[in-house]
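Report on the structure given below.
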Amino acid sequence: MKRFISLLYAALFFVLCTAPCALAAQKFTIGFQPYDTISYQVIVNAELGLWKKYMPAGYELEFTPALQGTIVANNMLAGKAVAGYMSVMPATILCSKDQQAHIKMVGTVGMSDGTRCSVVLVRKDAPQFKSNEELAQWLNGKIIAAPKGSASDQYLRRFFERYNVKPGEYLNQSIEVIATNFRTKKLDAASAWEPTVSRIADDVGEGIARIVADGSACGNPDLGILVMREDFIQNHPEAAFGYLRSELEAQRYILDPANQVNVIEMVSKYATGIPKKVLWYSLYGKVPADRENPVREWKSFYFNQKELDNIKSVAPFLYKEKVIAVPELKDWVIDDSLARE
């Protein structure tokens with residue numbers, strides 16, 4: 001009898017100890033940038049809880065903000081996030097480090113001809129330039145900044161190469177520092193991304209800088225990438241598929257003109273300090289305002305040839321610039337099979 005009671009207590013102890021583990025949700029982190037239009041649909045997804053409709057029961061997501069893609073990338077390498085949103089340059093840098101972690105590009109979150117983060121901003125009292133060549137000549141010897149490792153950095157490097165620009169100083173500065181230094185007149189030129197571009201430029205923002213060139217100046221389009229850890233895809237395939245399905249719905253929500261006001265209301269909760277007019281313009285307005293092409297951005301979700309061509313052009317450029325250690329990404333890195341499904 002005593003032995004039976006001992007076994008009963010042991011069984012009850014086992015149940016009590018293991019039951020919470022069995023019922024606890026599996027929690028994963030998604031990295032995004034609230035001060036980047038590339039991540040606006042993440043905010044929509046989080047605010048509307050779209051992911052809950054498509055991911056299996058027993059999963060919980062935490063959406064963690066960061067100021068630029070390199071921070072999201074570092075968190076993914078460290079296993080602190082399973083998915084993240086970034087431009088093609090930080091995504092390429094991240095995916096080139098396959099000895100640390102296997103990261104896949106699983107979908108596109110938007111592409112433009114170079115009007116989201118491939119722009120040259122100059123101080124408001126700079127001359128009016130009649131051509132890119134005239135701008136490039138003025139930039140020689142000037143103090144120029146960009147967040148290094150970002151798409152804006154990639155754009156400036158290509159612009160410098162195309163027009164043989166020799167800056168006096170090329171500084172590594174965050175988007176906030178760039179804005180501050182334009183205000184205090186410590187910068188001649190810079191490149192940043194939306195909504196900071198619209199916030200400080202003279203179209204609808206503070207007017208402390210002017211947009212004088214975009215990606216078309218050197219054939220540098222903007223491409224946003226959704227990246228995922230391969231071990232997350234392999235170990236939690238239904239969750240990975242479900243999250244991608246929620247991403248698709250969030251993108252479609254943003255593209256519906258009827259939702260524009262709701263989108264900006266949601267985004268304003270995260271991109272604090274930026275006027276709603278600027279947030280709207282950064283996503284739906286024409287930048288630069290005088291551009292002829294009415295299409296600001298397109299969202300293909302998976303990779304079409306134009307997106308593939310852009311991705312495959314970045315690694316050789318970064319290798320030549322000695323930013324990454326390999327001339328091209330592994331074949332398995334670009335994998336939009338779940339997005340296409």
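Every value quoted in this text rests on a predicted model; they were computed, and no experiment measured them.
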*Is there a side chain to side chain donor-acceptor pair (under 3.5 Å) between Glu247 and Gln251 once you walk through the steps?*
CA-CA 6 Å; Glu247 164 68 21; Gln251 288 190 24; 2.6 Å; yes
*Start with the C-alpha gap between Trp280 and Val261, add the side-chain angles, then the distance that decides, and say whether side-chain contact (heavy atoms from CB on, under 4.5 Å) holds.*
CA-CA 8 Å; Trp280 181 91; Val261 172; over 6 Å; no
*asked:* Using the rule given for salt bridge (Lys or Arg N to Asp or Glu O under 4.0 Å), can you reason through Asp256 versus Arg252, listing the C-alpha separation, both sets of side-chain angles and the distance that settles it, and then say yes or no?
replied: CA-CA 6 Å; Asp256 186 341; Arg252 291 169 64 88; over 6 Å; no
*At their closest point, which heavy atom of Val278 faces which heavy atom of Pro195, and how far apart are they?*
CG1-O, 3.9 Å
*Check whether any side-chain N or O of Thr180 sits under 3.5 Å from a backbone N or O of Glu176 as a donor-acceptor pair, and report yes or no.*
yes
_Is it the case that the side chain of Thr29 and the backbone of Ala81 share a donor-acceptor pair, with hydrogens and angles ignored and the cut-off at 3.5 Å?_
no
*Give the intermediate values and the outcome of ring-ring contact (aromatic ring centres under 6.0 Å, His included) for residues Tyr170 and Phe160.*
CA-CA 11 Å; Tyr170 183 38; Phe160 295 162; 5.3 Å; yes
*Does the pair Asp202/Lys124 count as a salt bridge with the N-to-O cut at 4.0 Å?*
no
*Would you check if there is a donor-acceptor pair between the side chains of Glu47 and Tyr270 at a distance under 3.5 Å?*
yes
*I would like to know whether Ser300 and Tyr302 meet side-chain contact (heavy atoms from CB on, under 4.5 Å); could you show each step before the answer?*
CA-CA 6 Å; Ser300 301; Tyr302 52 77; 5.6 Å; no
_Would you say that more than 12 heavy atoms from the other residues, nucleotides or ligands in this model lie under 6.0 Å from the CD of Glu328, or not?_
no
*Between atom OH of Tyr35 and atom OH of Tyr40, what is the distance when rounded to the nearest 0.5 Å?*
10.0 Å
*Should Met89 and Ser87 count as side-chain neighbours, where that means a heavy-atom distance under 4.5 Å?*
no
*Is the number of heavy atoms from other residues, nucleotides or ligands under 6.0 Å of Gln99 CD greater than 12?*
no
*Taking everything shown except Arg340 itself, do over 12 heavy atoms lie less than 6.0 Å from its CZ?*
yes
*side chain to side chain donor-acceptor pair (under 3.5 Å) involving Lys52 - partner list, sequence neighbours excluded*: none
*What are the two closest heavy atoms between Glu194 and Ser282, and how far apart are they?*
OE1-CB, 3.3 Å
*asked:* Any side-chain to backbone donor/acceptor pair from Asp335 onto Val106? Under 3.5 Å, distance only.
replied: no
*asked:* For residues Tyr163 and Trp138: do they belong to one hydrophobic cluster (side chain heavy atoms under 4.5 Å, members Ile, Leu, Val, Met, Phe, Trp, Tyr)?
replied: yes
*Does one hydrophobic cluster hold both Val72 and Ile30, with members joined at side-chain heavy-atom distances below 4.5 Å?*
no
*What's the spacing between Gln68 CD and Asn74 CG if we round to 0.5 Å?*
9.5 Å
*asked:* Could you check whether atom OH of Tyr54 has more than 12 heavy atoms from other residues, nucleotides or ligands sitting under 6.0 Å from it?
replied: yes
Would you be so kind as to tabulate the donor-acceptor pairs closer than 3.5 Å made by side chains of residues 216-226, with sequence neighbours excluded?
unit_1 : atom_1 : unit_2 : atom_2 : d
Ser216 : OG     : Asp214 : OD1    : 2.4
Asn220 : OD1    : Gln154 : NE2    : 2.9
Asn220 : OD1    : Arg158 : NH1    : 2.8
Asn220 : ND2    : Ser118 : OG     : 2.9
Asp222 : OD1    : Ser118 : N      : 3.3
Asp222 : OD1    : Ser118 : OG     : 2.5
Asp222 : OD2    : Ser112 : OG     : 3.1
Asp222 : OD2    : Thr115 : N      : 3.1
Asp222 : OD2    : Arg116 : N      : 2.6
Asp222 : OD2    : Cys117 : N      : 2.9

*asked:* A quick test of your reading: do over 12 heavy atoms of other residues, nucleotides or ligands sit less than 6.0 Å from CD of Gln260?
replied: yes
*Do Ile144 and Leu171 touch side chain to side chain, with heavy atoms closer than 4.5 Å?*
no
*Should we say atom NZ of Lys148 is surrounded by more than 12 heavy atoms from elsewhere, each under 6.0 Å from it?*
yes
*If every non-hydrogen atom of Ile211 is compared with every non-hydrogen atom of Leu121, which pair is closest and at what distance?*
CG1-CD2, 3.6 Å
_Short side-chain to backbone donor-acceptor contact, Tyr253 and Leu48, under 3.5 Å_ = no
*What distance separates Leu187 CG from Ile200 CD1, expressed to the nearest 0.5 Å?*
9.0 Å
_Does any part of the side chain of Thr92, heavy atoms only, come nearer than 4.5 Å to the side chain of Leu329, both counted from C-beta?_
yes
*What's the spacing between Arg199 CZ and Lys277 NZ if we round to 0.5 Å?*
13.5 Å
*Nearest-0.5 Å distance, CG of residue Leu77 to CD1 of residue Ile103*: 6.0 Å
*Sub-3.5 Å donor-acceptor pair from the side chain of Tyr281 to the main-chain atoms of Lys286, do we have one?*
yes
*With distance as the sole test, does Asn45 use its side chain to make a donor-acceptor pair with the main-chain N or O of Gln41 at under 3.5 Å?*
no
*asked:* So for atom CG, which belongs to Asp125, do other residues, nucleotides or ligands contribute more than 12 heavy atoms lying within a distance under 6.0 Å?
replied: yes
*asked:* Ignoring hydrogens, what is the shortest heavy-atom contact between Ala145 and Leu156? Give both atom names and the distance.
replied: O-CD1, 3.7 Å
*Using the side-chain contact (heavy atoms from CB on, under 4.5 Å) rule, take Asp203 and Ser198 through it: C-alpha gap first, then chi angles, then the decisive distance, then the call.*
CA-CA 7 Å; Asp203 293 326; Ser198 291; over 6 Å; no
*Roughly how far, to the nearest 0.5 Å, is NZ of Lys104 from CG of Asp231?*
11.0 Å
*Side chain proximity check, Arg210 to Gln128, heavy atoms < 4.5 angstrom*: yes
*After noting the C-alpha distance and the side-chain angles of Arg229 and His102, does the key distance pass the side-chain contact (heavy atoms from CB on, under 4.5 Å) rule?*
CA-CA 6 Å; Arg229 286 183 61 98; His102 279 199; over 6 Å; no
*Return the minimal non-hydrogen interatomic distance between Pro127 and Phe129, and the atom names on each side.*
O-CE1, 3.3 Å
*Counting only N and O atoms by type, is there a donor-acceptor contact under 3.5 Å from the side chain of Glu307 to the main-chain atoms of Asn304?*
yes
_Filter on ring-ring contact (aromatic ring centres under 6.0 Å, His included), then keep only pairs touching residues 189-247, sequence neighbours left out; what's left?_
Phe28-Phe232, Phe28-His236, Tyr59-His236, Phe232-His236
*Do any N or O atoms from the side chain of Thr108 and from the backbone of Gly110 form a donor-acceptor pair under 3.5 angstrom?*
yes
*Indicate yes or no: at least one non-hydrogen side-chain atom of Met111 is less than 4.5 angstrom from one of Asn310.*
yes
*asked:* Strictly distance-based, threshold 3.5 Å: is any side-chain N or O of Ser191 a donor or acceptor partner for the main-chain N or O of Val119?
replied: yes
*Just by distance, do the side chain of Lys299 and the backbone of Val109 share a donor-acceptor pair under 3.5 Å?*
yes
*Please check if atom NZ in Lys142 has more than 12 non-hydrogen atoms from other residues, nucleotides or ligands closer than 6.0 Å.*
yes
*Identify the heavy atoms of Phe303 and Asp336 that sit nearest to each other, and give their distance.*
N-OD2, 2.9 Å
